[in-house]
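The model shown is predicted, which means the values in this text are computed figures rather than measured ones. Numbering of ligands and ligand atoms starts at 1, following listing order.
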Amino acid sequence: MAIDSIPAERLPLESRRTLARLLPRIQSRYAEALGAADWNSFEARVEEHFPRLFRLLIALYGERFDFYYHLEELLALCAQSWLERPDDLKQLDVVREADAAWFQSEKMLGGVLYVDLFAGDLKALRERIPYLRELGLTYLHLMPLFKAPEGDSDGGYAVSDYRTVHPPLGTMDDLRALATALRAEGISLVLDFVFNHTSDEHRWAQAALAGDPDFDESYFLFPDRTLPDAYDRTLREIFPDKHPGSFTFRPEVGKWVWSTFNRFQWDLNYRSPATFRAMAGEMLYLGNAGAEVLRLDALAFVWKQMGTTCESLPEAHLLVQAFNAVLRIAAPALIFKSEAIVHPDEVAQYISPEECQTSYNPLLMALLWNSLATREVRLLRASMSSRFAVAPGCAWVNYIRSHDDIGWTFDDGDAGRLGINGFDHRRFLNAFYTGRFEGSFARGLPFQENPRTGDARISGTLASLAGLEAALQGGSEVEIELAIGRIVLLHSIILSIGGVPLIYLGDEIGQRNDYGFGSDPAKQGDSRWVHRPAANWAALALRSDASTIEGRIFGRLQQLIQIRKQTPAFAGNGMQVLALANDHVFGYVRTPPAQEAGPRVVVLTNFSERPQQLPANELRLYGLSYRFHDLVSGQTLQPAGELTLAPYQVLWLQAEGRD
Ligand code: GLC
Ligand code: GLC
């Protein structure tokens, strides 16, 4: 690799010299069109961020003979994109640069949905903004909505054109209009940046297939199995039952193509600086269309190296940092969200202000489900104590369910220290969440069961995994209430533990599994569709009726959301896990960020369907009082001797007085 091509001590000098040569050339191309003010702000950001960008690109591409050509064209691309950036987004840039911690506010609440399944198309989604407001959303992730192959497109994660909306959903103008309408209501648009792969119908893939020499380096094409076999020895299979191995044979050219996910998703080759520049252009286009957060899809896979797993290699981080630096120059309002659903040590490596400011928290997600199954919180407690802290200026995106399967990504060492065998325990969790384990309340489906490794992941909606589906089948009111208790409990944690809570739309009314995917040829091979039901607007209409299941869930969530938004202690990341003696109770203290005034909040949650006791002394120890105001029930608690938590009860306690 080219990492040492310039000695580190020479980098500042080389970077200054390079910029002194390049900037006048960019200026002569763009300054006039931009006008003085826009050129000056652009130039200031280039001066600030070029040294970092230069260092990263030298490390990745410094040995390429055409490096300086690509560098100049990358800066030109930034200037061109800035020229095209709409004025309202330039204003947003100013606002966000002055308040970089905007996404850490207690007011933040995320939601995620599929445009077609939720509303039909982009225009119809605009009509639904009042509902999104009612729920309290300030962040809306729209699942992939760009042009994709007909039939199976991995839910849109096979992009054929990053600048064309998938025709049934509308047009780019509809998307821009939606982004503007959302922003006017205080909702930030979040889009995927699917940059590890394109679909095989993308024009670059078609050009590579046609043997166009300008595109032979855009993907990884191999004339025979020699290299694929050598790589396969150390690669993980991501979709083993649909697509064994990581390569696909294309008979029309007699070649093998790298395709980590599905056969029609071709991995891009970032060893080529042209690939980086082309994708930087697509990224900036999304930013100028009004996205405020980009979800970096499958970012762990973007760099390949023979003899490694080709996941989370050092160059993958350099690449993401280089994309980050491009944004700081050309669209500074934007931030990244990391989608690394891997070992917790690896997840953490992507999180920093220079890389991804936010990240999914798959460890919390998996361990919430673990605690629900086992009714005890030891692994959750131990893992969150040591692994929750993130760099200043960054935040977790905490979620219970996503559109993907649940993988049991906890650390085997953490588990081992508690006497839990990781392999056996994952088997138990898979048995539990598929409902095969006797007495299980869950009704999930296996995803990508791999008979060779014994590995599997879990599909299922939150409500079905939490017991509502089984309870409604069984018709027991007691079980229904317990299931609702679990749904509320899990939400109470993502709403209070620190970071951006992300709700999968439909969960707020307890939507159950949709088994209809089994008869759709484009979906039947992929059990994740069971937890991607279409919005049920008739059921949603019941949300204010407290006598319905929908109303019982929605009402309780709505209340927690409102409390969150009024409680400064829920901003930022300050969180201390409590070492409580009772292993069924998960507790932590939230402290408001230094700049926000307000009392601390002690959060206590009972993960079992039986009442649980805590000694009042523990409350005094961690809550620094004997008397508390519970934000959830509105009651004052002054436990004598012991505090009792009802099944699945959630307490958000503020100390009251000193007695
Ligand atoms: C991400 C998406 C997942 C998709 C994969 C390939 O992991 O979340 O749905 O299958 O990337 O794009
Ligand atoms: C694997 C990948 C993750 C992807 C998922 C899709 O877990 O690590 O990125 O979302 O598969 O199922």
Should Val194 be listed as contacting ligand 1, given a heavy-atom distance under 4.0 Å as the test? no
Find all atoms of ligand 1 within a distance of less than 4.0 Å from any non-hydrogen atom belonging to His403, and give their numbers and elements. 2 (C), 3 (C), 8 (O), 9 (O)
Given the side-chain rings of Tyr157 and His197, with only the six-membered ring counted for Trp, is the space between their centroids under 6.0 Å? no
Test applied, salt bridge (Lys or Arg N to Asp or Glu O under 4.0 Å); reference residue, Arg532; option that passes from Asp520, Asp154, Asp404, Asp514: Asp404
Only heavy atoms of Gln265, strictly under 4.0 Å: list the atoms of ligand 1 that pass. 6 (C), 12 (O)
May I ask you to list the atoms of ligand 1 that are less than 4.0 angstrom from any heavy atom of His197? 6 (C), 12 (O)
Does Tyr360 have Lys337 sitting over its ring (NZ/CZ under 6.0 Å from centre, angle to axis within 45°)? yes
Are the aromatic rings of Trp408 and Tyr433 close, with centres under 6.0 Å apart? yes
Please list, in number order, the atoms of ligand 1 under 4.0 Å from a heavy atom of Glu339. 1 (C), 7 (O), 8 (O)
Per-atom filter on ligand 1: closer than 4.0 angstrom to a heavy atom of Asp404 are 2 (C), 3 (C), 7 (O), 8 (O), 9 (O)
Find all atoms of ligand 1 within a distance of less than 4.0 Å from any non-hydrogen atom belonging to Phe239, and give their numbers and elements. 10 (O)
Look at ligand 1 and say whether Arg295 reaches it with a heavy atom at a distance under 4.0 Å. yes
Ligand 1 contact on Phe195 by region, counting heavy-atom pairs under 4.0 Å: neither
Measuring centre to centre across the rings, with the benzene-like ring taken for any Trp, is Tyr350 within less than 6.0 Å of Phe336? no
Nitrogen or oxygen of Arg532 less than 3.5 angstrom from that of ligand 1: no
Check each of Phe220, Tyr231, Phe249 against Trp256 using the ring pair (Phe, Tyr, Trp, His ring centres under 6.0 Å) test, and report the only one that passes. Phe249
With side chain to side chain donor-acceptor pair (under 3.5 Å) as the test, pick out the partner of Asp405 among His531, Arg457, Gln448, Arg528. Arg457
